[in-house]
Amino acid sequence: MSSVFPEDSVGLVEPRIAHFAEPLALACGRELADYQLIYETYGTLNAAHSNAVLICHALSGHHHAAGYHSPEDRKPGWWDSCIGPGKPIDTNRFFVVALNNLGGCNGSTGPASLNPATGKPYGADFPVVTVEDWVNSQARLADRLGIEQWAAVVGGSLGGMQALQWTMSYPERVRHCLCIASAPRLSAENIAFNEVARQSILTDPDFHGGHFYEHDVLPRRGLRLARMVGHITYLSDDAMGAKFGRELKTDRLNYDFHSVEFQVESYLRYQGDEFSTRFDANTYLLMTKALDYFDPAAAHGGDLARALAVAKADFCLMSFTTDWRFSPARSRELVDALLAARKNVSYVEIDAPQGHDSFLLPVPRYQQVFSSYMNRIAI
Amino acid sequence: MRADLDIIQEWIPAGSRVLDLGCGTGELLAWLRDHKQVTGYGLEIDPDNIARCVERGVNVIEQDLDKGLGNFATGSFDVVVMTQALQAVHYPDRILDEMLRVGKTCIVTFPNFGHWRCRWYLTTKGRMPVSEFLPYTWYNTPNIHFCTFEDFEQLCRERQARVLERLAVDRQHRHDWGSRLWPNLLGEIGIYRLSSPGLQDHPVAP
């Protein structure tokens with residue numbers, strides 16, 4: 001690619017690391033004595049510090065949400081379609097912070113980091129972290145950056161859960177919550193898919209109970225399978241039909257089990273292979289557990305409206321018609337709870353064929369509503 | 001503001017909680033928020049209208065009125081408003097029931113099919129009336145449940161809804177002597193304020 005970035009790109013960006021020596025108490029009862037968070041920022045923090053927006057990432061996301069790390073980068077950050085000058089999260093107006101969550105594998109303290117107690121990688125000994133824990137760690141990052149209150153906390157999927165949690169954990173510190181393609185808790189079916197993913201990792205002989213780093217191997221097969229299953233749930237029947245149909249890679253059927261025959265098989269294998277070389281198996285386990293455990297209503301007798309009663313933010317929820325992982329009905333559960341709790345909320349159901357992944361894509365109506373909402377946020 | 005909305009806003013007390021069914025671009029709710037400290041939500045299904053609501057900071061929920069108001073608690077709004085949508089829903093009677101359940105009072109506006117121009121059109125041409133105000137033909141109209149003032153009031157009686165106020169206006173939303181004298185013939189648009197049968201008397205404006 002050329003050395004000049006697109007005009008609506010934040011351009012060249014550089015990650016930074018914030019180190020925290022103050023112990024962080026976790027929901028599981030354990031604590032992290034010492035940890036670091038890797039993050040990126042785009043745009044400029046204004047004098048009043050009133051234009052900061054936090055981006056929360058989903059299962060396999062990280063701190064590199066927009067722009068490029070080098071002019072040679074083939075692809076920009078994972079949410080580049082929505083962050084940049086003139087884009088829905090307009091970096092001409094907002095100061096955007098994106099981080100990699102604790103337990104991640106992109107530079108924040110996680111299972112592959114050295115455990116100070118043993119001098120070896122944490123591996124399976126890394127504590128199970130929850131959405132609440134993440135939000136607490138993000139609040140410390142906000143303190144570090146001098147951000148008393150976010151203009152908005154924004155996230156899709158698991159990121160949406162964090163945005164939601166912010167409004168309950170730190171009601172005074174969030175003015176707007178944008179919760180996209182998300183859910184107030186996982187359904188049994190959602191948990192079931194996560195369990196299949198976990199089992200495929202846990203039963204890979206190369207997993208070594210999570211201590212594969214010491215054996216100098218990677219549980220690639222397990223991670224690959226986990227990603228393949230996950231990936232199916234991110235797409236829709238429509239999207240797969242349109243993209244692959246029953247098209248074959250070969251010109252005839254081979255009547256065997258090892259040939260890659262259908263295009264969709266080839267695609268899934270590619271996705272799985274690519275993912276298994278860049279992602280950490282322990283992180284994958286942690287992320288799926290954080291998803292499974294998230295259930296803010298549980299502490300309020302299952303009453304989501306009561307859980308949300310403390311929130312002071314205005315809410316914007318969006319869902320996508322063909323998303324079956326976190327269907328529109330799941331967003332409407334949230335909307336109904338917010339209505340019952342008498343919160344300011346807007347809800348939009350976007351007609352898009354791409355399934356759960358839609359939230360990462362430049363769907364025109366999605367971007368229009370996203371922009372409209374962000375633009376009306378006073379800074 | 002649209003003329004009918006200007007009439008309606010007078011019937012909405014300051015500081016009240018309002019649900020606007022088919023809220024369009026959010027004009028009424030934005031005005032009420034800015035001038036009367038009214039809070040509330042609009043329900044809408046048209047994407048452009050929804051975008052406009054979001055832009056002006058009006059709470060808008062994408063929700064189809066034909067699927068009911070089951071997600072709203074009984075008596076949870078001071079006023080439920082529905083302007084120019086009654087004739088476009090699949091079950092006007094059910095939505096009316098739902099409005100009366102959710103709102104302490106309801107405001108409904110709709111075009112009067114008993115207006116003399118409609119009657120004249122049908123009598124002389126023998127065809128479904130088409131006008132500037134209602135420019136659709138029978139096969140492509142979104143207005144699938146036309147009624148007259150008499151019809152609507154009959155429905156209110158059946159549901160034991162109380163008509164607290166009624167205004168019959170022309171298409172410029174003037175209420176002159178004609179529409180006052182003979183509303184079902186000379187009024188083009190009806191603006192009704194209702195309350196559910198269970199509720200106590202509300203003061204009726206003179």
Side-chain angles (χ1 to χ4, degrees), chain A residues 88 90 151-152 175-181 184 303-306 311-321 327-352 363-379, chain B residues 15-34 37-80 98-99 101-104:
Chain A
D90 189 345
R175 292 207 301 282
H176 295 270
C177 166
L178 285 90
C179 178
I180 306 162
D303 187 342
L304 188 58
R306 263 175 55 207
K312 294 204 160 131
D314 290 357
F315 293 81
C316 177
L317 276 72
M318 293 186 259
S319 70
F320 300 91
T321 48
S327 69
R330 308 308 314 283
S331 283
R332 281 198 300 268
E333 276 174 45
L334 253 170
V335 171
D336 292 350
L338 288 163
L339 291 172
R342 304 196 164 201
K343 304 300 171 190
N344 282 321
V345 52
S346 283
Y347 168 63
V348 181
E349 208 169 291
I350 313 284
D351 193 3
V363 177
R365 189 183 169 215
Y366 168 46
Q367 296 219 312
Q368 180 200 20
V369 174
F370 202 166
S371 294
S372 298
Y373 193 90
M374 291 303 295
N375 287 339
R376 67 104 167 167
I377 294 177
I379 54 172
Chain B
S16 51
R17 220 171 111 78
V18 174
L19 181 64
D20 188 353
L21 309 183
C23 66
T25 62
E27 198 180 4
L28 177 67
L29 284 171
W31 192 93
L32 289 169
R33 172 195 65 199
D34 298 340
Q37 299 81 47
V38 160
T39 57
Y41 308 91
L43 305 190
E44 182 54 59
I45 47 170
D46 178 78
D48 291 332
N49 283 345
I50 290 173
R52 189 73 192 93
C53 290
V54 168
E55 238 168 64
R56 50 171 33 141
V58 163
N59 292 324
V60 63
I61 311 289
E62 184 158 343
Q63 184 169 332
D64 186 349
L65 300 183
D66 284 322
K67 297 196 174 138
L69 304 176
N71 52 333
F72 293 96
T74 300
S76 56
F77 288 87
D78 298 309
V79 188
V80 180
E98 279 289 81
M99 290 178 75
R101 177 182 68 79
V102 169
K104 293 174 187 135

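Labels below follow one simple rule: chain letters A, B, ... track the order of the sequence lines, proteins then strands, and each chain is numbered from 1.
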Where do [X] and [Y] come nearest, in terms of heavy atoms and distance?
{"X": "A:L338", "Y": "B:Y41", "answer": "O-OH, 4.2 Å"}
{"X": "B:A51", "Y": "A:Q368", "answer": "CB-NE2, 3.5 Å"}
{"X": "B:E62", "Y": "A:V348", "answer": "OE1-CG1, 3.4 Å"}
{"X": "A:V345", "Y": "B:I61", "answer": "O-CD1, 3.6 Å"}

Per-residue contact mode, [X] against chain B (heavy atom under 4.5 angstrom):
{"X": "A:V335", "result": "side chain"}
{"X": "A:R342", "result": "both"}
{"X": "A:E349", "result": "both"}
{"X": "A:N344", "result": "both"}

- [ ] List the steps and the verdict of side chain to side chain contact (heavy atoms under 4.5 Å, CB included) for B:N59 and A:F315.
- [x] CA-CA 9 Å; B:N59 292 324; A:F315 293 81; over 6 Å; no
Task: Which atoms of B:R17 approach chain A - backbone, side chain, both or neither, heavy atom under 4.5 Å - done: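 Contact with chain A: side chain only.
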Open item on the list: Measuring from atom CD of A:E333 to atom CG of B:N71, what distance do you get when rounded to the nearest 0.5 angstrom?
Closed with: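 So the gap between those two atoms works out to 12.0 Å.
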TODO: Could you tell me the separation between the CD atom of B:E55 and the OG atom of A:S371, rounded to the nearest 0.5 Å?
DONE: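 Here the rounded value is 9.5 Å.
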- [ ] Tell me, out of A:D336, A:D351, A:I350, A:N375, who's got the most heavy-atom pairs with chain B below 4.5 Å.
- [x]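 Looking at each option in turn, the highest pair count goes to A:D336.
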